[in-house]
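Working notes, structure below.
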Amino acid sequence: MKIEKVCVVGLGTMGSQISVVFARGGLETNLVEVDQNKLDQGMARIKGFLDKQAGKGKITDSEKQAILGKMIPHTELSTAVRDADFVIEAVFENMDLKKKVFAQLDQACPPKAILASNTSTLSITEIASATKRPQQCIGAHFLIPAALTPLVEIVRGLLTSDQTVKATEEILKRCGKDIVVSADAPGFIINRLYIPLLN
């Protein structure tokens, strides 16, 4: 499956950074928030980050404009995901909320679309159970700051297909990310290593 159109749901700290990753990778990137105020805040967060990167000489002004040019903001979920090949939610780390979002995405997205969650700890299998396409549901755990940290943890649910894993790996590598694949186990890989170290 060739992924060309991406949608990021939620433009908080993680969602705004993830949006930069995909847009910088040359993908048409729809951004969606629940209202215009939150959308404006998210866009300001993105522009502020890109301005800092340009100020440090990490990107040129033309590259900054190219990244912003790939982003299309929305407040209507159904419009934002209508033609999406790959959708990633970056909402609060709450199971009920994530399942609600996935159920909405399942209804609104094209049948071919892959649904990804940026969860760092919650079960992908359980999140996927809110949909009729669990084989197309996957975890894509970006690390903070997502636009700068090379590693992304792909989390495979019990019913996630090989095709979904392969397509997700390909799109993340296209965006310059390194990949590690985890089973759907508590803490996945990163947090299972980090928590004991922290303790």
Side-chain angles (χ1 to χ4, degrees), residues 1-11 14-32 66-67 70-72 74 77-91 98-99 101-143 146-185 188-191:
M1 175 184 177
K2 190 169 179 61
I3 296 173
E4 294 295 343
K5 296 184 178 182
V6 172
C7 181
V8 180
V9 180
L11 292 182
M14 291 303 296
S16 59
Q17 289 270 310
I18 291 169
S19 300
V20 171
V21 171
F22 287 119
R24 189 163 56 192
L27 295 153
E28 181 180 312
T29 307
N30 284 353
L31 318 175
V32 62
I67 292 168
K70 287 291 184 180
M71 296 181 177
I72 307 166
H74 296 269
L77 182 70
S78 59
T79 303
V81 302
R82 182 171 50 205
D83 299 319
D85 301 312
F86 185 93
V87 181
I88 182 164
E89 64 77 14
V91 302
K98 287 186 183 289
K99 289 174 74 173
V101 170
F102 262 60
Q104 292 172 335
L105 292 174
D106 191 40
Q107 291 292 318
C109 290
K112 64 178 180 178
I114 292 171
L115 309 183
S117 174
N118 183 53
T119 182
S120 59
T121 58
L122 300 177
S123 168
I124 296 301
T125 303
E126 184 173 349
I127 295 171
S129 70
T131 78
K132 295 178 181 177
R133 62 177 92 187
Q135 73 282 0
Q136 290 164 242
C137 295
I138 195 165
H141 176 211
F142 288 76
L143 306 181
L148 301 177
T149 306
L151 186 65
V152 178
E153 184 176 37
I154 292 177
V155 184
R156 184 175 193 147
L158 288 177
L159 297 177
T160 304
S161 70
D162 291 341
Q163 182 181 10
T164 296
V165 173
K166 182 179 178 182
T168 304
E169 287 180 330
E170 287 176 353
I171 194 62
L172 290 173
K173 287 178 181 177
R174 175 176 167 182
C175 293
K177 295 300 184 181
D178 297 324
I179 308 299
V180 61
V181 180
S182 171
D184 193 9
F188 313 140
I189 295 173
I190 303 300
N191 282 318

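Here the structure is a predicted model, which means the values were calculated and not measured. Side-chain atoms are counted along with the backbone in the values below, which use heavy atoms only and exclude waters and symmetry mates. Throughout, numbering of the chain's residues begins at 1 and tracks the sequence.
For T119 against L122, the heavy-atom pair with the smallest separation is OG1-N, 2.8 Å. The minimum heavy-atom distance linking S78 with A108 is given by the pair CA-CB, 4.1 Å. Here the closest heavy-atom approach between residue G157 and residue T125 is recorded as CA-OG1, 3.5 Å. Among all heavy-atom pairs drawn from A90 and G10, the shortest one is CB-O, 4.0 Å. Contact record, I88 with S117: CG1-C, 4.4 Å, taken as the closest heavy-atom pair. Taking every heavy atom of both residues into account, S19 and G15 meet most closely at OG-O, 2.7 Å.
V20 places a side-chain heavy atom less than 4.5 Å from the side chain of M71. V87 has its side chain within reach of V9: a pair of non-hydrogen atoms, C-beta onward, lies under 4.5 Å apart. Taking the side chain as every heavy atom from C-beta outward, V8 and F86 never approach each other to under 4.5 Å. A heavy-atom distance below 4.5 Å is not found between the side chains of I3 and E170. In this structure, the side chains of L77 and L105 come closer than 4.5 Å at one or more pairs of heavy atoms. V21 has its side chain out of reach of Q17: every pair of non-hydrogen atoms, C-beta onward, lies at least 4.5 Å apart.
The number of heavy-atom neighbours closer than 6.0 Å to CD of Q163, taken from other residues, nucleotides and ligands shown, is 12 or below.
Note that CG of N118 and CE of M14 are 4.5 Å apart. Values are rounded to the nearest 0.5 Å. Going from atom OG1 of T164 over to atom CZ of R156 covers 8.5 Å, rounded to the nearest 0.5 Å. T121 OG1 to H141 NE2: the interatomic distance, rounded to the nearest 0.5 Å, is 8.0 Å. Rounded to the nearest 0.5 angstrom, I154 CD1 and I124 CD1 are separated by 11.0 Å. With rounding to the nearest 0.5 angstrom, the CG atom of L148 is 12.5 Å from the CZ atom of F142.
A donor-acceptor pair under 3.5 Å is formed between the side chain of K177 and the backbone N or O of T149.
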Trace of the side chain to side chain contact (heavy atoms under 4.5 Å, CB included) decision for D85 with L27: CA-CA 11 Å; D85 301 312; L27 295 153; over 6 Å; no
Side chain to side chain contact (heavy atoms under 4.5 Å, CB included) evaluation trace for V181 with E169: CA-CA 9 Å; V181 180; E169 287 180 330; 3.3 Å; yes
F22 vs I67, side chain to side chain contact (heavy atoms under 4.5 Å, CB included): CA-CA, chis, key distance, verdict: CA-CA 9 Å; F22 287 119; I67 292 168; over 6 Å; no
Return a table of donor-acceptor pairs under 3.5 angstrom between the side chains of residues 130-139 and protein atoms on other chains or two or more places apart.
{"unit_1": "T131", "atom_1": "OG1", "unit_2": "A128", "atom_2": "O", "d": "2.8"}
{"unit_1": "T131", "atom_1": "OG1", "unit_2": "R133", "atom_2": "N", "d": "3.1"}
{"unit_1": "R133", "atom_1": "NE", "unit_2": "D106", "atom_2": "OD1", "d": "2.7"}
{"unit_1": "R133", "atom_1": "NH1", "unit_2": "P110", "atom_2": "O", "d": "2.8"}
{"unit_1": "R133", "atom_1": "NH1", "unit_2": "A113", "atom_2": "O", "d": "3.1"}
{"unit_1": "R133", "atom_1": "NH2", "unit_2": "D106", "atom_2": "O", "d": "3.0"}
{"unit_1": "R133", "atom_1": "NH2", "unit_2": "C109", "atom_2": "O", "d": "3.3"}
{"unit_1": "R133", "atom_1": "NH2", "unit_2": "P110", "atom_2": "O", "d": "3.4"}
{"unit_1": "Q136", "atom_1": "NE2", "unit_2": "P111", "atom_2": "O", "d": "2.9"}
{"unit_1": "Q136", "atom_1": "NE2", "unit_2": "K112", "atom_2": "O", "d": "3.3"}
{"unit_1": "Q136", "atom_1": "NE2", "unit_2": "A113", "atom_2": "O", "d": "2.9"}

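Residues satisfying the salt bridge (charged side-chain N to carboxylate O under 4.0 Å, His left out) test with R24, not counting sequence neighbours, are none. Under the rule for a side chain to side chain contact (heavy atoms under 4.5 Å, CB included), the partners of E28 that lie at least two apart in sequence or sit in another chain are K5, N30, I72.
Using a 4.0 Å cut-off between charged nitrogen and carboxylate oxygen, E89 and K99 do not count as a salt-bridge pair.
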